[in-house]
Peer 1: 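Structure provided below as structure tokens; questions to follow.
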Amino acid sequence: MRSFRSIYETAVLHKGGEAAVEANLPVLRSPSQLKQLSDDRYLSDISRRIFRAGLKHSMVDGKWPAFEEVYFGFDPYRVAMMSDE
């Protein structure tokens, strides 16, 4: 398995430097900021990261308002009640 350092250094080489790589990383929230997030925002953030893992980030971000709509604003109860289909 490749180390994080190796992956990071490769990204720096191919993405235009360390500043460019750092600019693409998500902003980390403090524990107190995380406690203030509602469950629907947690579910939305987690889902967005999962979708971005396999797709172009700009495409996911551009369509995210539609995802919010069809998943009922990521309200956990309403999402849990959705059928598998």
Peer 1: For a quick test of reading the model, state the closest non-hydrogen atom pair linking Gln33 to Leu28 and the distance between them.
Peer 2: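 It is OE1-O, 4.4 Å.
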
Peer 1: How close do Pro76 and Asp39 get, heavy atom to heavy atom, and via which atoms?
Peer 2: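 Answer, listing the atom of Pro76 first, then Asp39: CG-CB, 3.7 Å.
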
Peer 1: What distance do Thr10 atom OG1 and Arg5 atom CZ have between them, rounded to the nearest 0.5 Å?
Peer 2: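 Thr10 atom OG1 to Arg5 atom CZ measures 11.0 Å (nearest 0.5 Å).
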
Peer 1: Side chains of residues 78-85: which donor-acceptor partners sit under 3.5 Å, not counting sequence neighbours?
Peer 2:
from  : atom 1 : to    : atom 2 : distance (Å)
Ser83 : OG     : Glu85 : OE1    : 3.4

Peer 1: Please round to the nearest 0.5 Å and tell me the distance separating atom CZ of Arg2 and atom CD of Glu9.
Peer 2: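 Answer for the CZ-CD pair, Arg2 versus Glu9, is 9.5 Å.
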
Peer 1: Enter the distance from Leu37:CG to Ser32:OG here, rounded to the nearest 0.5 Å.
Peer 2: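 If I round to the nearest 0.5 Å, the distance is 10.5 Å.
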
Peer 1: With a cut-off of 3.5 Å and sequence neighbours excluded, list every side-chain donor-acceptor pair involving residues 48-55.
Peer 2:
from  : atom 1 : to    : atom 2 : distance (Å)
Arg48 : NE     : Asp61 : OD1    : 3.2
Arg48 : NH2    : Asp61 : OD1    : 3.3
Arg52 : NE     : Asp61 : OD1    : 3.2
Arg52 : NH2    : Asp61 : OD1    : 3.2
Arg52 : NH2    : Asp61 : OD2    : 2.6

Peer 1: Can you tell me which residue among Tyr71, Trp64, Tyr42, Phe67 is in a side chain to side chain contact (heavy atoms under 4.5 Å, CB included) with Ser47?
Peer 2: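 With Ser47 as partner, side chain to side chain contact (heavy atoms under 4.5 Å, CB included) holds for just one option, Trp64.
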
Peer 1: Shortest non-hydrogen contact from Leu43 to Phe74?
Peer 2: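 Taking every non-hydrogen atom into account, CD2-O, 3.5 Å.
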
Peer 1: Report whether Tyr77 and Ile46 are members of the same hydrophobic cluster (ILVMFWY, side-chain heavy atoms less than 4.5 Å apart, transitive linking).
Peer 2: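 Tyr77 does not cluster with Ile46.
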
